[in-house]
Amino acid sequence: HWVRKPRPPHCFLATSFRLTEKFILLLVFSAFITLCFGAIFFLPDSSKLLSGVFFRSSAVETNTRTGPDGSEPGSAGNDGVYCRNKQNHLKVSITMACFPMMKHAWDSYRRYAWGSNELRPVSKQGHSSNLFGSIKGATIVDALDTLFIMEMSEEFNAATEWVEKNLDFNVNAEVSVFEVNIRFVGGLLSAYYLSGKEVFRQKAVELGEKLLPAFRTSTGIPWALLNLKSGVGRNWPWASGGSSILAEYGTLHLEFMHLSKLSGNQEFAQKVMNIRKVLNRLDKPQGLYPNYLNPNSGQWGQHHVSVGGLGDSFYEYLLKAWLMSDKTDEEGKKMYYDSLQAIETSLIRKSSGGLTYIAEWKGGLLEHKMGHLTCFAGGMIALGADGAPGDKTGHQMELAAEIARTCHESYARTALKLGPEAFRFDGGVEAIATRQNEKYFILRPEVIETYMYMWRFTHDPKYREWGWEAVQALERHCKVEGGYSGVRDVYSSNPSLDDVQQSFFLAETLKYLYLLFSEDDQLPFDHWVFNTEAHPLPVIRKEQTDRPNEVE
Ligand code: DMJ
C-alpha cells in the first residue's frame, strides 16, 4: 500500500494572463467550487468530507491556496518558493527543502562516518553512544526507509549492501533494549515491508531473538540493558530502586507483533502481551502509570508520571497497537483512552497566557514543565481523536491543536526559532526554558511530527508554515559543511554546536518534514502506523491474523 509518488513538479512562478483567459479560468474555478459543494452536501459519503471541515481550527484561516505569509500561490519568498503544481495545489517544493537536507545529512555521514553509529558533523568523524553497545551502523539502519521513501535508490542500495555485508549482532556488549528495538528492529522491519528484501526480515528476526533474554525476570517485565552475547540483563543504575522504565518496556509492542507475524514464532507476541497483563493487575495512582516499575517485585517505584521522557512512547504504543491490529486490540484501545483521560485530569493545564501544556507529576505534586519529547503528544492525540469514546473526537482534536500551538510557541520564543529540550510555565515565564541544562536542541523530531499529523487531519496551512520555519532554522543554525549538528543554547544568537548528527534526524525529523509537504496518500495512515522512531509498519489486517507469514 505504499504509494510511490512522482517527484514534485517544478514550480512555475508569476504568469501574466490576458483578460479573456482570466475570465475562462474564473468560470472553470466557479464550476469546480459548485461541484465540490454539491459533493459535500448531497453525496452519501459526505460525512467524511465534513469531518475534515469541522476538525479545522476555527482560529485560523484554512485557505490552502495561499502561501504561508498569505501570499498568492506562485509567489517566491526569500526563503523558498511556494507554488502551484499542475493540479493547482499549493505545495512547498520538496526538492528545494527536505530532499536536499536528507542528501546532505546522508552524504556527510557516508563521507566521514560510514559504518559508525552516528556522525560528528563538525569534527567530521564517526560517533558512537553506548546505547548500541558495539553494534554498528545505527544511522544506516535508521535511514533506510527515509532513503526508500525519498526514492534515493543509489543511496538505498549502498545502505542495503552495508547491511548484507556488515550488520552484525554477534557482539559481546551491553545494549539498550529499547533503543535497539525502535531503531534497529523497527528500521529493518520497515525496510523489509517497503522493499520486500529478505535480508531485512532475516536481520530483524535475528536481532529480535537476541533481545528475548531481556524478559527473563520474575514478572516478565524486561530489563533495560542486555548483554547480547551472555543474555544477562540489568536496569539503569539511576532508575528508582532497580526499576524498569515505562517508556522502554512499553515501547516494544508494535515491533514484537510484527516479529511474530514474520517469523511464525509467537513468543515475541506473548512477551509483549504479558507486559499488559502485569500492568493491568496493578493499582494506578489516579489512573496514571508511574514511570518506574520493579521487574522482580512487580511494584511501582517512585511515583513519577510523565508524557515526556520515561513515559512518552508507552502511551503512543497503546494507541498504535490498536490501530495496527486493524482496530481489533480492544485492550490496547481501552488502556490508551483511559490513560489519556487520567492525563487530562491530572497533568494537562492551561497557562495564564492561554497555552495548554502537559505537566509532569512527582508524588502528587505538579512540576509545570513540558519536554520537547512531550510535544509528540499533539500528533498522538490527533491520531486517536477519531476513535475517542463518547463524543470526544472534536475535543481531542482541539486539545491536539492546542498542544501543537504551545510547542510552536516554545520554538517561536527562542533566538534561533528552534525549541529547547524542556520549557516551563512557572516563575513568570511561559513556554521558555529557564535552566541552562534545558536550553539545548538536538535535532529532535517531536514538534515536526505533531505538525505532520495536524496537517494530515486538518489541512490547516499553519502547520506547513510552522514546518517551513523549522526548515529555515535548521538550515541557518544546524547545517554545517559536514552535516547537521545540535546546538547547545537556542536562546543564544551565536550558540555552540554539540557536534552530533543524531540518527533520528534522518529517521524521523527529515521523514516527518518530507511527509508534511507530501500528499496524504504518501504512506496513508489507514495502512501504515509509524513506530516511535518514525519507521512505518503496515496494519495487520483482521483476515491475515491466522496467516502469520504473509506480507501485505
Ligand atoms: C527517538 O529516538 C524516538 O522518537 C523516541 O521515542 C524518543 N526520542 C528520540 C527522538 O527525540
Side-chain angles (χ1 to χ4, degrees), residues 105 117-118 127-132 135 137-146 175-190 224 236 244-256 291 306-321 358 360 370-381 383 407 410-411 418-423 438 440-453 470 474 478 484-487 490 498 500-513 515 529-537:
N117 281 321
E118 288 171 322
H127 164 69
S128 204
S129 90
N130 54 7
L131 298 172
F132 314 115
I135 300 180
T139 294
I140 297 178
V141 178
D142 236 3
L144 276 165
D145 51 11
T146 311
V175 301
S176 155
V177 174
F178 161 77
E179 294 290 354
V180 163
N181 176 60
I182 64 169
R183 301 193 204 207
F184 283 88
V185 178
L188 290 165
L189 286 172
S190 283
W236 298 106
S244 300
I245 308 285
L246 183 67
E248 297 199 328
Y249 66 77
T251 310
L252 303 168
H253 198 101
L254 303 184
E255 296 81 1
F256 275 49
N291 292 336
S306 161
V307 183
L310 307 181
D312 47 10
S313 40
F314 161 71
Y315 305 99
E316 176 186 358
Y317 270 36
L318 293 175
L319 171 66
K320 290 182 175 175
I358 311 183
E360 309 216 341
M370 184 165 172
H372 191 289
L373 288 165
T374 322
C375 286
F376 89 98
M380 174 184 74
I381 294 169
L383 180 65
C407 291
S410 79
Y411 275 50
L418 293 166
E421 181 66 3
F423 42 96
E438 293 173 346
Y440 62 90
F441 170 75
I442 56 168
L443 307 172
R444 285 197 192 278
E446 292 77 17
V447 175
I448 290 163
E449 174 180 355
T450 280
Y451 296 162
M452 192 278 293
Y453 280 101
L474 285 164
C478 300
Y484 289 87
S485 167
V487 294
V490 290
D498 70 7
V500 180
Q501 178 176 282
Q502 306 278 347
S503 78
F504 53 67
F505 182 63
L506 292 89
E508 297 191 75
T509 314
L510 295 179
K511 186 186 289 134
Y512 285 135
L513 272 174
L515 292 175
V529 169
F530 292 88
N531 90 338
T532 195
E533 189 79 359
H535 296 306
L537 299 171

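Read the numbers this way: they start at 1 and go in the same order the structure lists the ligands and their atoms. What you see is a predicted model; the values in this text were computed from it and never measured.
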Name each N or O atom in ligand 1 that is under 3.5 Å from a protein N or O, and give the partner atom and the distance.
from     : atom 1 : to     : atom 2 : distance (Å)
ligand 1 : 2 (O)  : Glu533 : OE1    : 2.5
ligand 1 : 4 (O)  : Glu508 : OE1    : 3.2
ligand 1 : 4 (O)  : Glu508 : OE2    : 2.9
ligand 1 : 4 (O)  : Thr532 : O      : 2.8
ligand 1 : 6 (O)  : Thr532 : OG1    : 2.8
ligand 1 : 11 (O) : Arg444 : NH1    : 2.7
ligand 1 : 11 (O) : Glu446 : OE2    : 2.6

Contacts of Ser244 that satisfy side-chain contact (heavy atoms from CB on, under 4.5 Å) - sequence neighbours left out: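 Residues passing side-chain contact (heavy atoms from CB on, under 4.5 Å) with Ser244: Ile221, Asn235, Tyr249, Pro295.
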Non-neighbouring partners of Thr450 that pass side-chain contact (heavy atoms from CB on, under 4.5 Å), sequence neighbours left out: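 Ala404, Met454.
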Side chain to side chain donor-acceptor pair (under 3.5 Å) partners of Glu118, counting only residues at least two apart: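 Glu118 satisfies side chain to side chain donor-acceptor pair (under 3.5 Å) with no residue once adjacent residues are dropped.
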Any donor-acceptor N/O pair, Tyr317 side chain to Thr532 backbone, under 3.5 Å: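 Side chain of Tyr317 to backbone of Thr532: a pair is present.
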Side chain to side chain contact (heavy atoms under 4.5 Å, CB included) partner of Phe505, the single match among Ile442, Thr139, Leu474: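 For Phe505, the side chain to side chain contact (heavy atoms under 4.5 Å, CB included) check succeeds only for Leu474.
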Shortest non-hydrogen contact from Asp312 toward Leu373: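 Answer, listing the atom of Asp312 first, then Leu373: OD2-CB, 3.9 Å.
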